[in-house]
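All remarks here apply to the structure that follows.
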Amino acid sequence: MKRVITYGSFDLFHEGHYNLLMRAKALGDYLIVGVTTEQYDESRGKLNIVDSLDKRIENVRNSGFADEVIVEDHPGQKVEDVQKYGVDIFTVGSDWQGAFEYLEPYCQVVYLERTKNISSTQMRERGHNIIRIGVIGSGRIAVRFVPEAKYVSGVLVNSVFNPHLASAQLFARQFELDMATDVLDDFWDEVDAVYIASPHETHYDYAKAALEQGKHVLCEKPLAFSQREAEELFAIARQRGKVLLEAIKTAYCPGFVQMIGIAKTGTIGRICDVEACFTRLTPSDLRERTDLKYGGAFTEFGSHTLLPIIKIMGADYKDVRFDSILDENGIDLYTKASFRYENGMAMSKSGVGVKSEGQLLISGTKGYILAESPWWLTQYFEVRYEDPNKRDRYFSKFLGQGLRYEISDFAYMIHGHQGRSYKFTAEDSIAIAGVMEKFLQKRTGGRNEDLGA
Ligand code: CTP
């Protein structure tokens, strides 16, 4: 009996898939089909798979050609499978020509001609109108966004707004965008969604204006500097049926999501303490060091460090206290925010003028999770216990600059697949805005004692 194997995502099952499976089956007597998991696809840069794994498996089964369906979830699995299943022929479409010679020591490799003019990518884009995204602000953060958006199918960054027209035009030329403008009304006509990457203090106003225009909003951190403003923005988004997401990229990256999941399984017992540190020495002439109202370590990097604290310990803290080392101009070079919870504590350390070890430490009654710098681009973390010989190590992919993960979730939500983000919720955003507000109150003269939650 000749055994044949083939693999694919088989998303939005189409004629090309059917033809491929039919011809694969005809190569032998028994056809095994490997269907990829979302996580595996994500790790190889294939974002925005629409159908669930169950549905994709069902569609492969319904084709009637597969004698056995298996799941592919890691690199290197094909080498294992062809040996394990005693495979005679490995086959895939001709788009993979040359990619699988490494299987030749184990079996015959056959490339079948690909069906022309159809692909899941094409169908994803046709099935759901492409989301036209406009960028508000064209500074340091915005330049990382456009190249990352290219990895997410179904979105197109087409325009940029900046009150300084020359900056917008430069940005549009650099990224070959259709439109650069300093007139908001012209901008709204061109876009379905916006990515806000303007100076911090303008986030709230732009987010509000965009939502009121019926646009979906992905807003750089911090979304707002007060709890009330954040609540108001989410209320408008709800009323209008629009997606509002705060762009804290770490929150959406696979390694961080896994780490939060593991922290919540009870592996390290009851969690008692979260310590998160992020520092980046910033030249003294940059906005972070000169903007007396909104610059400084905590407003700049506090969102990073508050993220794991709020995700793990929650928003229901009893008290938060801030301690800062100030620059001569009064902005904080380094800030420690310490939280007291009913049954736990947390510490955020952020710096623009003091360097420290950037690590994330989650301590529990049975062990701890340690993610070393750069934990905010989570690729690796360890779970450790009293017994130093016992260590669980977790590795994850973090592709490119990592913004593609938040963009992918944003698009996924706009397409209505997921009503709300569980990775970073409205409640999480509102809680972080509340902490920012307390910090700014203290900076403008409030006392620590007044800052109980
Ligand atoms: N395939 C094919 N003809 C097509 C599309 C896909 O023969 N028009 C084959 C691929 O070569 C592969 C299998 O079908 O062997 C599964 O492909 P998959 O990557 O799931 O489908 P695509 O439509 O290529 O998906 P995407 O656009 O997401 O890359």
Side-chain angles (χ1 to χ4, degrees), residues 3-28 30-75 77-79 81-82 85 87-104 107-131 149-156 397 399 404-405 407-409 411-412 415 417:
R3 297 167 79 88
V4 182
I5 198 162
T6 189
Y7 296 85
S9 315
F10 301 100
D11 191 27
L12 301 172
F13 199 87
H14 56 67
E15 190 193 331
H17 295 145
Y18 185 90
N19 291 340
L20 186 285
L21 293 178
M22 181 172 64
R23 284 173 298 153
K25 170 77 178 183
L27 290 174
Y30 189 84
L31 177 65
I32 304 169
V33 182
V35 182
T36 52
T37 61
E38 280 93 345
Q39 287 81 355
Y40 179 49
D41 276 326
E42 214 171 79
S43 75
R44 57 194 188 127
K46 206 167 173 179
L47 304 175
N48 274 12
I49 293 284
V50 173
D51 289 338
S52 67
L53 178 59
D54 282 355
K55 174 120 185 253
R56 291 181 287 125
I57 289 176
E58 193 188 317
N59 286 338
V60 167
R61 285 225 168 89
N62 289 345
S63 73
F65 299 119
D67 296 287
E68 189 171 343
V69 179
I70 59 170
V71 167
E72 184 186 25
D73 65 4
H74 61 272
Q77 186 179 329
K78 292 184 180 78
V79 175
D81 287 344
V82 290
Y85 295 103
V87 166
D88 301 291
I89 299 177
F90 166 91
T91 187
V92 278
S94 49
D95 45 324
W96 293 102
Q97 191 81 41
F100 293 106
E101 270 56 32
Y102 71 86
L103 292 172
E104 276 170 358
C107 63
Q108 194 188 340
V109 175
V110 175
Y111 298 101
L112 292 169
E113 197 181 336
R114 189 177 162 88
T115 307
K116 302 228 168 2
N117 300 324
I118 187 154
S119 76
S120 305
T121 305
Q122 232 178 49
M123 293 186 51
R124 280 193 289 268
E125 290 177 356
R126 276 199 207 133
H128 315 284
N129 292 334
I130 293 197
I131 304 163
K150 292 203 164 58
Y151 291 96
V152 180
S153 65
V155 306
L156 173 73
K397 265 255 163 49
L399 296 169
R404 63 193 69 182
Y405 301 112
I407 304 170
S408 166
D409 275 30
Y412 200 65
H415 285 145
H417 296 299

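In each ligand, atom 1 is the first atom listed, and ligand 1 is the first ligand listed. Just so we're clear, the structure is a prediction, and the values are computed from it rather than from any experiment.
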| query | Is it true that atom CD of Glu113 has more than 12 heavy atoms of other residues, nucleotides or ligands lying nearer than 6.0 Å? | reply | no
| message | Strictly below 4.0 Å, N to O, side chains only: are Asp88 and Arg3 in salt-bridge contact? | response | no
| task | Would you indicate whether the side-chain heavy atoms of Lys78 and Glu72 approach each other to under 4.5 Å? | result | yes
| Is atom OH of Tyr151 surrounded by more than 12 heavy atoms (other residues, nucleotides or ligands) closer than 6.0 Å? | no
| note | Under 4.0 Å from ligand 1, residues with heavy atoms, in chain and number order, are Gly8, Ser9, Phe10, His14, Gly16, His17, Leu20, Lys46, Val92, Gly93, Asp95, Trp96, Arg114, Thr115, Ile118, Ser119, Ser120, Thr121, Arg124
| note | With Ile5 as partner, the option from Val82, Leu103, Leu31 fulfilling side chain to side chain contact (heavy atoms under 4.5 Å, CB included) is Val82
| task | Determine whether the aromatic ring centres of Phe100 and Phe90 lie less than 6.0 Å apart. | result | yes
